[in-house]
Amino acid sequence: MDFGLSDEQRQLSDILGNYLADQLPIDELRAVADQGTGFSDDLWQGLVELGLPGLLIPEEHGGSGLGILDAAVVAEALGYGAAPAPYVASMVMAPLALLRSGDDAQQAAWLPRIAAGEVRLGLGFEILSGGTRAGDIALKDGKLSGEFSGILDGGAATHVLLYLADGWAVIVDTNTDTAELHSATTIDGTRPLTTVTLTDANVEFLDAANDPVAAAQSVLDAGRVMLAADTLGAGQRMLDDAITYAADRVQFDRPIASFQAVKHMCADVVSALEPCRALVWYAAYAQDAVPDEARVAACHAKAHLAEVGRDVARTTTEVHGGMGFTDLLGLHLWFKRIGFDRQVLGGPEHCRHEAAVAQGWAVE
Amino acid sequence: MDFGLSDEQRQLSDILGNYLADQLPIDELRAVADQGTGFSDDLWQGLVELGLPGLLIPEEHGGSGLGILDAAVVAEALGYGAAPAPYVASMVMAPLALLRSGDDAQQAAWLPRIAAGEVRLGLGFEILSGGTRAGDIALKDGKLSGEFSGILDGGAATHVLLYLADGWAVIVDTNTDTAELHSATTIDGTRPLTTVTLTDANVEFLDAANDPVAAAQSVLDAGRVMLAADTLGAGQRMLDDAITYAADRVQFDRPIASFQAVKHMCADVVSALEPCRALVWYAAYAQDAVPDEARVAACHAKAHLAEVGRDVARTTTEVHGGMGFTDLLGLHLWFKRIGFDRQVLGGPEHCRHEAAVAQGWAVE
Amino acid sequence: MDLNYSDRHKALQDKVRAFIDANKHEAPSLANVRKKPDRATLAWQHKLLRYGYVGRTVPRQYGGFGAEPDVLESAIISQEFTGAGISGGITNQGISMLVPTLLEVGTEKQRVRWIAPTLQGEIIWCQGYSEPGAGSDLASLKTHAHVDGDDFVINGQKIWTSSAHFADMIFILVRTEPDAPKHRGISYLLVPMDSEGIEVRPLKTMTGQSTFNEVFFTDVRVATDQIVMDRGDGWKVANTTLKYERLLLGDPNKMLNRFHRIVKMMEDTRIGGRRLMDMPEYRDRLLRLQGEVMASKYHGMRLLTEADKGEESGVKRLIVKYFGTVLAHKLSALAVDVMGEAGLAYDLSGLGTEDASLWNSDYMYDIGLIIGGGSSQIQKNIISERGLGMPREPRAEPQKAQKTMER
Amino acid sequence: MDLNYSDRHKALQDKVRAFIDANKHEAPSLANVRKKPDRATLAWQHKLLRYGYVGRTVPRQYGGFGAEPDVLESAIISQEFTGAGISGGITNQGISMLVPTLLEVGTEKQRVRWIAPTLQGEIIWCQGYSEPGAGSDLASLKTHAHVDGDDFVINGQKIWTSSAHFADMIFILVRTEPDAPKHRGISYLLVPMDSEGIEVRPLKTMTGQSTFNEVFFTDVRVATDQIVMDRGDGWKVANTTLKYERLLLGDPNKMLNRFHRIVKMMEDTRIGGRRLMDMPEYRDRLLRLQGEVMASKYHGMRLLTEADKGEESGVKRLIVKYFGTVLAHKLSALAVDVMGEAGLAYDLSGLGTEDASLWNSDYMYDIGLIIGGGSSQIQKNIISERGLGMPREPRAEPQKAQKTMER
């Protein structure tokens with residue numbers, strides 16, 4: 001038994017962490033976040049050079065053929081850096097969608113271009129789009145029309161991959177007149193949510209999966225694990241920052257870190273957050289290695305990190321006092337990142353309900 | 001506007017509080033609790049002398065004709081003292097049931113005897129009895145058979161008043177062969193829960209109410225407010241004890257009350273508990289004076305005090321450290337009292353659901 | 001227990017309602033109360049002053065209405081204007097804090113000079129207390145002033161100064177006696193904001209807005225008679241001021257109004273085709289909060305009653321800020337959550353609704369409120385020490401100004 | 001990441017399972033492990049010792065099995081016995097704490113004299129550390145001993161002494177150097193429980209049971225060579241002992257087993273005709289706890305792996321007691337809640353079920369666990385100071401024994 005990361009996974013985490021610490025200083029991060037596209041060309045090129053887009057793509061298609069636990073390690077590091085980069089959808093879910101539901105020709109056509117960083121796919125689930133109106137996507141003569149919201153990584157996407165309500169996946173080229181993208185400002189400047197308006201748009205169907213609903217779910221589950229890992233990284237960053245700040249900040253002739261109240265806030269945070277790491281690792285590992293538990297583990301990783309993340313974000317902000325509420329330290333970028341992770345691809349109540357259904361404890 | 005207690009209500013509270021402090025030392029309380037009947041003859045006589053059984057009974061029937069807020073003030077004081085006395089059912093709900101659903105003759109027959117302390121009625125709701133089996137109460141030829149559990153104040157009851165599932169109320173004499181009472185040991189030694197097994201028992205119907213279900217609900221609501229007030233008193237006692245203990249207990253050369261962690265635990269408790277007092281007062285007052293809000297207020301008082309009470313009980317026990325866990329101080333008697341209040345007449349989830357139904361937010 | 005107003009208070013309530021009905025067309029937009037007052041705002045302010053809905057208990061000789069203090073009257077006036085969504089007059093710390101302070105500890109000359117123009121909206125004040133290094137431990141403030149001829153010369157920095165970008169004056173705490181014990185080396189000065197050497201920079205917060213400022217002082221000169229009480233008395237003066245801030249009782253219905261907004265949203269909104277109110281997990285959270293909101297409301301009424309009777313509310317009053325701000329945050333958290341992805345929207349284009357954007361702003365601003373004006377940790381110290389009589393922590397070092405302060 | 005055991009560990013697991021299968025008919029009831037061992041218990045203990053399932057890493061010359069320490073082996077053995085519901089041997093603090101301590105700091109003579117009989121169950125030990133006035137601040141203990149001839153003479157009181165009513169020996173901390181600094185005035189003695197002047201009184205707890213005792217010492221004499229290490233070294237010895245207690249890793253599946261019991265109850269039980277699992281408010285709470293339980297389980301596996309590799313787990317290890325005990329309490333609270341009124345039952349007559357009584361007992365006992373062995377507040381101090389490197393609080397007074405100690 002060896003429950004933990006391999007040396008290679010630790011290295012991957014260190015390399016990416018160091019890269020982000022060097023290349024994404026807070027001013028740079030803030031500047032990208034202010035744009036709200038969730039995209040910086042420099043950062044993107046850097047991540048491509050590190051090989052991230054091809055992480056999950058088999059070597060035959062130009063990737064490195066790693067697993068979902070490796071991808072989670074990356075997600076955690078990106079969360080730690082609040083990296084404004086299309087990752088969860090573009091580098092994890094879309095490649096998996098092609099691997100699960102694309103035929104050989106589609107995989108050969110798309111995967112090498114994704115691995116090379118040439119195409120970036122946004123991705124959305126109609127059923128989870130969170131729209132306040134009823135869905136209005138219509139397929140007619142092989143062309144798609146309607147408005148599709150809640151797309152991840154759509155800020156600088158070359159294409160979008162859409163899961164329709166029945167579980168079918170389609171790819172739409174965003175560079176045509178029939179698809180209009182609008183990225184709304186969300187609380188999280190590092191990752192927008194995008195709506196695409198389609199008017200008789202040509203789509204490419206990914207329909208090679210034997211069980212399209214199961215295939216769609218496995219892509220969704222992988223995405224949820226990534227968001228959990230992202231929250232884990234962001235939460236860890238906020239805790240580290242809080243400890244540092246509390247050690248430096250003097251009030252009443254003492255560093256505030258010496259006050260029991262402040263210490264106990266940090267103790268509460270680490271006591272909730274550290275076990276999350278093992279949960280996220282397991283949930284990621286289970287996606288590849290323990291199919292029976294993959295769904296439930298992914299739902300719980302997403303839901304539990306959402307709940308813990310919220311408390312961590314608030315408590316660590318409080319440790320920073322007024323400074324945590326200002327823009328001066330940029331701490332709020334992580335606060336908002338955690339808020340974003342919570343709500344996309346299903347909020348915690350939703351995920352827990354799915355876990356209940358998957359275990360036969362509730363009906364859909 | 002005058003939101004608060006009258007001078008008379010404060011006096012009532014003080015008199016009863018002082019009486020219990022004098023007459024119910026911890027050793028006496030522990031001895032009664034160890035029996036588990038929820039009844040002490042001495043204490044009962046004392047409460048009768050103070051006029052408690054007649055509190056809500058009109059003067060024409062030998063009572064003092066006070067209102068439900070007065071009754072809540074008493075309940076709070078009894079909770080503060082963890083008094084092992086049949087109150088909620090015997091002195092509040094049963095008189096109200098007779099006033100709401102008894103005809104003039106029944107009122108004239110029962111109320112003076114209740115006020116004089118001659119009869120003590122236990123009371124239960126079939127629909128809330130919490131039984132793990134389906135109800136099996138059957139009425140045949142005017143006689144009742146079956147097992148009825150979850151009866152309050154049944155430990156030394158002379159009669160029981162039972163609300164059947166359809167809202168009808170009946171009174172059963174417990175001193176006959178056709179009604180067999182069994183009081184189970186619950187966590188709370190100061191008040192048992194009783195099961196009555198009926199075999200063709202003679203019953204007296206209280207059927208003078210125009211709307212029997214509404215009448216039953218108003219009795220239930222009043223009972224819930226009393227339990228909320230009881231928890232309020234018990235919680236206040238635990239807080240007071242915790243503050244005293246923390247001031248006396250020295251560790252690391254300081255009273256533990258000077259540690260920020262201990263102080264903040266007490267601050268959290270008072271911040272949650274003190275607003276509950278206003279909620280309980282309002283809920284009690286609303287039973288008599290604001291009929292439109294009576295149901296919702298009673299449900300919320302019960303539910304909110306159950307949740308706050310649990311936290312208060314645990315936190316104040318923790319402030320006492322190991323001593324809180326022993327029997328030496330008897331603190332656990334209040335801990336258990338709060339646990340009992342939480343579960344009887346509907347747990348918090350149940351009460352909140354009823355509040356939702358009453359406001360049209362959920363269906364039954 | 002009596003939830004109804006007395007005849008006298010009922011009459012006042014009727015009068016205020018009639019006034020609002022008759023005059024609301026003249027009221028300035030609520031959005032303007034925290035800005036530099038325009039003509040309409042000033043006219044409205046003057047009218048409110050005349051009717052006694054502003055400066056009600058300030059003596060007539062200082063430009064007020066001269067009524068006897070009456071907590072319920074003040075509460076009724078405030079609730080009626082808030083409830084109607086009508087401006088109850090200019091809101092700034094000059095009116096809420098400086099005026100009562102001058103009435104209590106100012107000289108006759110200071111009262112005459114400052115109170116009436118402040119009430120009339122001709123002088124807008126901001127408050128210079130907090131510093132980047134002096135938040136919870138306010139008395140460790142380092143902004144200092146030395147006497148040079150007839151002037152104080154001020155150097156240092158203040159933070160969290162709302163309204164500073166348009167205020168006419170600032171009341172400020174500065175260290176004037178560097179060798180005195182920490183709390184006794186501070187003075188309270190009144191300084192024109194157009195003085196040379198004052199620079200105001202907007203302070204952006206996590207909500208993205210800049211409702212606060214940083215104010216920098218570089219050799220700012222102010223006449224030595226611009227002091228309230230004596231040199232070294234500033235901490236005493238500030239506590240007078242803070243006392244009045246603490247006396248401002250919140251509207252007991254405030255949380256309830258917020259709660260009702262969520263109820264409406266959950267009744268009216270469908271996400272994925274399902275009414276939010278029909279999701280049991282959300283509904284149970286809503287109901288849990290309803291219990292808290294009701295407790296908060298009735299607790300507020302209880303405090304009003306006690307204040308009305310002149311009773312000391314002690315710990316009951318001290319807990320309000322802590323539980324109130326935390327409850328507000330729980331409410332906005334529920335509102336944000338139930339909207340799911342749509343709840344992430346933070347502008348009004350495309351995705352989401354006005355609700356989403358407003359609730360998100362609240363969700364973050366509420367954290368600022370939990371922290372600001374004494375963080376939860378400081379509040380809990382106050383509650384336990386002053387409210388419950390628990391002992392203070394042993395001090396780290398003897399209480400005195402640090403050397404670094406004297407640069 | 002690899003969730004499977006190595007071949008070697010798999011082989012051990014098979015061997016243990018086979019042993020249990022073949023011998024379980026001889027195993028004493030689990031209810032007996034915390035009582036004075038009877039003949040069957042002793043026979044079982046001797047067999048476990050022979051097979052290396054008890055005293056596995058204790059050297060052969062002291063009566064152990066002499067295996068190399070291997071965290072996973074120990075975990076496997078413990079899990080298999082627990083999982084099968086079979087006694088894994090006598091449980092007392094002599095075996096879990098004193099034996100490793102003597103191995104580390106005892107004299108050869110002490111090892112030879114005490115270890116083998118302790119492992120064999122011939123000597124049952126109890127632990128005398130806590131006192132009524134020395135809980136969190138253990139080093140302030142006041143039970144004291146002075147030398148009189150060849151004896152220590154002990155006076156004072158210990159509390160929380162489980163097994164004291166049938167133990168043969170007690171290892172005890174007493175103050176022997178009243179003038180030394182607090183932590184350096186303590187000695188660690190080994191005292192027969194049948195010594196004249198020892199009185200054991202059962203200590204009743206809130207659960208109603210008396211699993212603990214108070215032990216009173218009045219002029220109890222013990223030979224001066226019954227000391228481990230030297231006079232004044234007791235605190236050092238105790239920390240050796242506590243280190244071994246802290247090294248005992250819990251079973252990662254423990255919370256999960258508890259969770260499954262609740263699931264089963266909620267699936268099988270109907271209250272008021274409705275299946276508990278079908279009540280969305282309860283179900284959502286159950287699912288929240290499932291997330292925590294999973295995190296706890298995998299965190300436990302991570303710690304096992306790190307211990308197996310000889311890595312220091314730091315803060316990861318330090319948080320376990322705090323979050324584990326709190327989680328256990330949340331689980332029992334849910335169990336108690338879902339049963340409604342039926343959940344109040346605390347005996348098995350009439351109302352309620354065995355479940356109700358057991359869960360209620362757990363609900364209260366879990367609070368004892370949160371408090372015992374270092375309360376949550378002490379745990380959070382340890383987590384933040386030792387785990388996160390945050391500074392200690394300033395001390396109230398210089399660290400020394402107080403006068404009151406020397407009566």
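We use all heavy atoms of the structure for the numbers below, so side chains are in, but hydrogens, waters and symmetry mates are not. All chains are named by letter (A, B, ...) in the order of the sequence lines, taking the proteins before the strands, and each is independently numbered beginning at 1.
Using a 4.5 Å cut-off on side-chain heavy atoms (C-beta onward), Phe259(B) and Gln377(D) make no contact. Contact annotation: the side chain of Gln343(B) approaches that of Val336(D) to within less than 4.5 Å [non-hydrogen atoms, C-beta and beyond]. Residues Glu318(B) and Ile371(D) meet the side-chain proximity criterion, which asks for heavy atoms closer than 4.5 Å. Looking at heavy atoms from C-beta onward, Phe252(B) lies in side-chain contact with Ser136(D) at the 4.5 angstrom threshold. With a 4.5 Å cut-off on side-chain heavy atoms, Leu344(D) and Val344(B) count as touching. Considering only heavy atoms from C-beta on, Arg314(B) comes within 4.5 Å of Ile367(D) through its side chain. In this structure, Leu203(D) and Leu328(B) have side chains that are in contact, with non-hydrogen atoms separated by less than 4.5 Å.
Gln209(D) CD: more than 12 foreign heavy atoms inside a 6.0 Å radius. For Arg184(D), the CZ atom is loosely surrounded, since the number of other residues' heavy atoms within 6.0 Å does not exceed 12. More than 12 heavy atoms of other residues, nucleotides or ligands lie within 6.0 Å of CZ in Arg275(D), so this atom counts as buried by the packing criterion.
Taking each heavy atom of Ile187(B) and Met364(D) in turn, the nearest pair found is CG2-CE, 4.2 Å. Annotation for Glu341(D) and Leu193(B): closest pair O-CD1, 4.0 Å, computed over non-hydrogen atoms. In this structure, Trp160(D) and Thr326(B) approach most closely via the heavy-atom pair CH2-CG2, 3.3 Å. Of all heavy-atom pairs between Gly324(B) and Met206(D), the closest is O-SD, 4.3 Å.
Proximity to chain D is absent for every atom of Asp188(B), based on heavy atoms less than 4.5 angstrom apart. For Tyr363(D), the part lying near chain B is the side chain, with the backbone staying farther off; criterion is any non-hydrogen pair under 4.5 Å. Looking at Ser375(D), there are no atoms closer than 4.5 Å to chain B (heavy atoms on both sides), in backbone or side chain. Neither the backbone nor the side chain of Leu369(D) comes within contact range of chain B; no heavy atom of the residue lies under 4.5 Å from a heavy atom of that chain.
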Can you list the steps and then say if Arg254(B) with Asp137(D) is a salt bridge (Lys or Arg N to Asp or Glu O under 4.0 Å)? CA-CA 10 Å; Arg254(B) 294 160 56 177; Asp137(D) 183 13; over 6 Å; no
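Taking a cutoff of 4.0 Å between a charged side-chain nitrogen and a carboxylate oxygen, Arg352(B) and Glu281(D) do not qualify as a salt bridge.
Ring geometry for Phe212(D) versus Phe325(B): interplanar angle over 60°, hence perpendicular rather than tilted (30 to 60°).
Ranked by heavy-atom pairs under 4.5 Å with chain D, the first of His332(B), Gln260(B), Gln251(B) is Gln251(B). Chosen from Ala134(D), Ser130(D), Gly208(D), the residue pairing most often with chain B at heavy-atom distances under 4.5 Å is Ala134(D). Most heavy-atom pairs under 4.5 Å with chain D: of the set Met323(B), His320(B), Arg310(B), Arg342(B), this distinction falls to Arg310(B). No other option in Ser210(D), Ser361(D), Pro132(D), Gly372(D) has as many heavy-atom pairs under 4.5 Å with chain B as Pro132(D). Interface remark: of the candidates Ile159(D), Asp337(D), Asn360(D), Leu138(D), Asp337(D) forms the most heavy-atom pairs closer than 4.5 Å to chain B. Put simply, of His350(B), His353(B), Lys336(B), the one with the most heavy-atom pairs under 4.5 Å next to chain D is Lys336(B).
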